[in-house]
Amino acid sequence: MVKVSFHTFGCKCNLSDTNDMALSLLEKGPFLILDGELKADIHVINTCAVTASAEAQARNLVRKLDKNNSSSIILVSGCSNRNQQSSYEDLFKTLSMQNKYSAFDNLKQDICKVVSSFIDIGPLDNAKSTASSVFRTRAFVKVQDGCESFCSYCIVPFVRGKEQSRPKDKIIEEINRLYSEGIKEIVLTGINVGSFKGGLEPLLEEILSATKMPRIRLSSLRPSKLSPRLIELMQEKRICPHLHVSLQSGSDKVLKLMNRNDYTVSDFKSSSKAYFEALKGRSPFMAADVIVGFPGEDKEDFEQTYSAIRDSQLNKLHVFIFSPRPGTKAFGMKTEVLPAESKRRSQLLLDLSRKKYLASLNSMVGKSIEVLWEDNSTGHSENYYPVIGQGKKNTLEQKIVLDIDEENEVLIV
Ligand code: SF4
């Protein structure tokens, strides 16, 4: 068996792409697919270009794998490769001569072609089997790709291209196949799932009526897509009461500078309030992405962001320090925020996030939750809290929350 280890950086869209690549390899030959293992015959690094640090991490991993593995094949795919192809070619030139390298796009067909250029995997039309989700109990179903929003800080529209939605019938077909293979939870992924052609709400309605998938989760959503109809649909038990919104700032001035003109802070406040209100019987969860240190973000803007979040019911934050990406509009914007100040703002939000998250965890004690067990001792609740206890892999079970593990930030059942 040829061991292939996938290393995935970035968003759920990338996880979905990794899953697709792994599946197409499994269809072609005797590959053993591994998740992030440092020893393997082939390493596939699916990169992210969203921050300079994500790109640096991927390059460091290439160097580390090169050092630890003699004569393995190291393949680089994904957004960072599409962003700066030559940098990987340059990087490869500096590495040991024992390993073999290639940088490629992450289309399903590509990986088979690239791998077969190094080892013989037989005719490429020789598909043998299908498997559902290679890596996890939950499967990522990509419904959309690409972005045309051109937020001023973001490289994604340049590396992922125009928006494309998958045909609805193909999505339904895939979900039904996953269900028949035993998958109990799907995550609808995309760069902008809310921009699904024809609307996310009609897609959800169709998934609810044409499939029996017990758990349907949404990946990251723009605040403007949190519509009254979506909130109504999320009251349906099979749709997880869990959202991740890309808020980015609590200052309207900064949102404008970011070219995020489709919502205001007040829109976010009212739609998130409506979400928490409508789903209050289901312990709804909402996380948000926030960027600090964006050019033009003065002290007052940051205070607005801080207080908007403090006063909201948000449960958790993902905080990013602004990272200027060459090729984007914000790259040329003058920044007055010193790195130490960006760090301070980031730390303040991280502290706030931890406080909010621990309060959310505590509020769950004594409640009944549905756990999807990922192995016999760990799983996730429908509102996406990590759970530890005793269970049976890939089963859904109703449990009472007994306590929380504050250090590891998990629910104990
Ligand atoms: S919506 Fe904005 S932040 Fe999101 S991928 Fe598109 S350009 Fe980037």
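Every value quoted in this text rests on a predicted model; they were computed, and no experiment measured them. Both counts, for ligands and for their atoms, begin at 1 and track the order of listing. In this chain, numbering begins with 1 at the start of the sequence shown.
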- [ ] Find all atoms of ligand 1 within a distance of less than 4.0 Å from any non-hydrogen atom belonging to R260, and give their numbers and elements.
- [x] 2 (Fe), 3 (S)
Task: Numbering as shown, the atoms of ligand 1 that approach N192 to under 4.0 Å (heavy-atom distance) - done: 1 (S)
Task: is_close_aromatic(F285, Y385), centroid dist under 6.0 Å - done: yes
Open item on the list: Closer than 2.8 Å to atom 8 (Fe) of ligand 1: how many protein N, O or S atoms are there?
Closed with: 1
- [ ] Tell me which protein heavy atom sits closest to atom 1 (S) of ligand 1, plus the residue, atom name and distance to 0.1 Å.
- [x] R222 NH1, 2.7 Å
With the side chain counted from C-beta on, respond yes when [X] and [Y] share a heavy-atom pair under 4.5 Å apart, and no when they do not.
{"X": "I111", "Y": "F6", "result": "yes"}
{"X": "D145", "Y": "R166", "result": "no"}
{"X": "F118", "Y": "L75", "result": "yes"}

Open item on the list: Between S16 and N19, is there a side-chain donor-acceptor contact under 3.5 Å, judged purely by atom types and distance?
Closed with: no
TODO: May I ask you to check whether S249 and R260 show a side-chain donor-acceptor distance below 3.5 Å?
DONE: no
Open item on the list: Can you tell me if R160 contacts ligand 1 (heavy atom of the residue under 4.0 Å from the ligand)?
Closed with: no
Check: residues 406-413 side-chain donor-acceptor pairs under 3.5 Å, at least two apart:
from : atom 1 : to   : atom 2 : distance (Å)
N408 : ND2    : D405 : OD2    : 2.9
E409 : OE2    : R354 : NH1    : 2.1

- [ ] Before accepting this row, confirm whether a basic side-chain N of the pair K142/E174 lies closer than 4.0 Å to the acidic partner's carboxylate O.
- [x] no
